Amino acid sequence: MNKIGVFVCHCGDNIAGTVDVERVAKEIAKYDGVAHSVDYTFMCSEPGQKMIKDAITEKKLDGVIVASCTPTMHEGTFRKAAASAGLNPYQCEIANIREQCSWVHSDKEKGTQKAILIIKSMIEKLKMNESLYPVSMPTNKNVLVIGAGIAGIQAALDIAEAGHKVFLVEKRPYIGGHMIQLSVTFPTLDCSQCILTPKMVQVDQDENIELFVNSEVESIDGAVGNFKIKIKRKAQYINPDICTGCGDCVDTCPVLVPDEYEEGLSYRKAVYMSFPQVIPYTYTLDIDNCLGLDPIACGKCKDACKENAINYDLRDEIIEKTVGAVIVATGYDQYPMENIGEYGYGKYPDVVSGLQFERLIFAVGPSGGKMLRPSDGKPVKEIAFIQCAGSRDPERHLSHCSKICCMYTAKQAKLFKTKVPDGQAYIYYIDIRAAGKDYEEFLQKAQSDQRLIYIRGKVSRIYKENDKMAISAFDTLSGKKIDAKVDMVVLALGLVPSFGTAELARKFNLSVGTSGFLSEAHPKLRPVESVNSGFFLAGTCLGPKDIPETVAQASGAASKALSLLAHDSVEKSPIIVQVDAEKCDGCGKCAEECIFDAITIDTIQNIAVIDEMKCKGCAYCIPECPHGAIEQKNLSDLQIYNMINAILTKGKKTETFEPKIICFLSEIGPYQAADLAGTGRMEYRPNAFIIKVLSISMLNENHILYALKHGADGVLISGSHPGESPYPGACLKAKERIDLIKSKVKNAGLDPNRIRLEWYAGRQAKGLATYVDNFVEYLKMTGPVVSANWKSLN
Amino acid sequence: MKSGYFPGCTLKTNAKNFEDSAMQVMEVLGQPLEEMENWLCCGTVFSMTTDDLMLQLSSIRNLLRAENQGYDELITLCSMCYNTLKRAKEFILNDEENLRKVNDFMYKEESKFKGTTDVVHLLSILKDRITFDKIKNKVTKPLTDLKIGAYYGCLLLRPKELAIDDYEDPSVMEELVDTLGGEGIVFPYRLECCGAYQTVIEKDVTIKRTFEIINSARNAGCEALITSCPLCTFNLDQRQKETSEEFLEFSTMPIFYFTELMALALGIKWNKDWTKLHYVNPEPFLKENGLI
């Protein structure tokens, strides 16, 4: 006999404004299994939480429903409160009547009725909930840091300082990222290498940091607290412990390749050292451009090396490690100028990128610090800087602002004028963004001291005329067209996530947002964590930012990782799947299909065994089992049916037909989009009722058909886009299943368009809201489910 | 694939040389142009400056009649006709309400407008269907050593949805010149607006444009220009008269429709009537280069 307590929150006016909360509490009090039903202004407050605790104690409640905001906000809060009163936290469920009800519907009557049904469905779920206990495993105290730019370096140093071992993995042969290519940094004009190299040396010498260059992380298995990682390190043909950096090998190498460190402005050999201060201090062999390790092909460098540091017989290695946390600091690259037609598609040598300019103005760079034109080496007298090259252009290039360009352009123009006092610098801008500390002062001073000419207008075209670069622009402040002829053009190209980030995100199931930057768990309140437990993010991989912010985020991510590792064991959510021993015959289909390798078959007892740590609860295995022997904990088939029944309870007869849609939304992606629609107050019809699932891959035809049989007029299934989903293959398999169900349903005389499968990302709130409205329209025209050959569908 | 040819008004009058040369060229290439029946003025781009559906009717009627005459596509020569017909079609088809209104209004036409006829410019046909290789094989009088600049103007490339080539860096017309044995010269002002209708209200604007465009071409080494638009040609050719009066150091340059040069290269005889439609007499240039 259930004794459930229901607490309906007003949330001030947020819920009470469009839902009659008092009436809801009164209605629910009459519902079967409810022993206590009240409403209150702010449930999440101290007194609110106390109400729950007191009710649990006094009325000996065995379950609690809080009808309030989205569970994403306060499920943790209320579960903790329930736990402190002695109730198992998993006996506390949240009915989302704010983001997914009061905030998106304006008709108070309909909103109230919907809220009541939502709460009833959660009560039905709660009635069959088991008390669950998190699984725990001892935490491994090591940390993996991916990327050794300034963010990775800072994070690694912080963690090493705390006494933990760090594996720092970098794909280039040197650490320092892009910051080590810069000349000086704004606003202080510190020499970039001068401030970065001490940290690089620290990394090299720190006993707790194991550095892997020319390496990439091949795979990360396991779960938070216990990640099994595989690092692929390219063959170290030149042994860094033996190499003295004498450079004899370089002279003999016949191969010339554009130098990446110099941004293609000069050449290097196949055996090379990017710059004299590299850490690790050693030469490297670029095997992709090397003529061949076979002495018949070349082999000159090996012969030249007096220390015998070069060994051609080495191979790439895979190094396995275990870590407790991962920090991703993979950084940025510049938007390719080859994409911008109006600036020449990258074919003019005198049109250079921001990073290329850094190399040109660098004292010992490819032009020896002199301002010379790359095309013919003549001195640069007039120079143009074009800000927003590729940025702030949603139609054709990047929609975002790259944040640092206004500042570094001012810096670069200032440096230019210092080198070429009788030169002329034109800066073409749309706006000036100098928001950081001392930035505005720096910019104003640079502009007036160096007499920089700022022209407000976008450059429509650059072309070569005789030997100068001609620039066509419109000066919006004077209202006139401006033509200029300069020696060099510097494009402040937009910042994009470093090439390879998309693949990395796919490999490790990290979600990705606008322009491909990695997504943080919450843009305001959790800026350095990923939704994926155990993964932390720092630096420009999250979005464009300057060095102070990057360092702050690196330390922030390190601190979060250290908090995680401060516990000797890590708890994992117990919402996983379980096997019904009676029904299971050990056929092994589930183990075959499990994408996380979490199922093994015990061949002696002929039963499937679920690894509690590995199982992510995606429930992909559930429909695969031919015997229906697997169920998700606290979301069994029966629970789902009962939830559906509660939602489809016949209410008052309405004049016009009001279709009811059951929506199965996956937690990551569409459920977030539905919440975002609430936050954005995007109104849509109140005909859709949402059931949250961890992943739509758990749904099979029973769930869908049950809804249609028992009064639903439509079923919407939505997961996040396969490319962005934490379970990508599962999404596509789910599509196959649902397509099959649709065709079966069609043969049974039911309109297959009553069943919809759509992909929605967490940000696509408007899309989802509009879709629901359109679906309701369609169902209104189609009418209710009248009859179908249900027998044929069994 | 049944292809129709849409001439547009100017091609029958001031730009008859464009049509004549194109007709003869397509005969030689084995794909004669079949003029559609009962066509009207397209609207000359001006019709696209407003949302008013009345102004789109002309274009839509043309396309509807083409549909009824069984044409899968309409080939145009004039850039303006290409731009107007194509944009009008998308504008009406992309909005259910617009489509319904327009169809209801045109109740007297044979059938409802469905938008099944494609609008395509001759340059696309030459490049993608006939291919420049085939054209090269038919060249009997190559334009050897001739430096010809290609003036695209706006309408073949903007808006970007109907651009016949890369809108920042097109190459189809220069490739055509190369195919004909000449040297296609890229000059900076080849994509700049000629001034278009300003020639009627603010003549000075077009005079200045003509000066800049032709000088830019000349500085890049061009001896002549090819175009695909009667309005561009009017501004670049006819207005050279006023340009010479305004800018005393300005020297003239012959302007050709691309089909005129194609005709010569394919061995077709130059027609004296064509000369009459040019302002800058092209015959001296053609004579001294052995083309006539």
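Here is the naming used below: chain letters follow the sequence lines, and residue numbers restart at 1 for every chain. This one's a predicted model, so the numbers in the text were calculated from it and none came from an experiment.
In this structure a side-chain-to-backbone donor-acceptor pair under 3.5 Å is missing from A:Arg461 to B:Glu168.
Note that CG of B:Asp169 is 14.5 Å distant from OH of A:Tyr463, once rounded to the nearest 0.5 Å.
For B:Tyr167, the part lying under 4.5 angstrom from a heavy atom of chain A is the side chain only. In this structure, no portion of B:Asn219 lies under 4.5 Å from any heavy atom of chain A. Of the two parts of A:Glu342, the backbone and the side chain both hold a non-hydrogen atom closer than 4.5 Å to a non-hydrogen atom of chain B.
For A:Phe499, the CZ atom is densely surrounded, since the number of other residues' heavy atoms within 6.0 Å is greater than 12. Atom CZ of B:Phe105 has 12 or fewer heavy atoms from other residues, nucleotides or ligands within 6.0 Å. With a 6.0 Å radius and a threshold of 12 heavy atoms from other residues, nucleotides or ligands, B:Glu96 has its CD atom at or below the threshold. Within a 6.0 Å radius of CG in B:Asp145, no more than 12 heavy atoms belonging to other residues, nucleotides or ligands are found. Heavy-atom neighbours of B:Lys160 NZ from other residues, nucleotides or ligands within 6.0 Å: above the threshold of 12.
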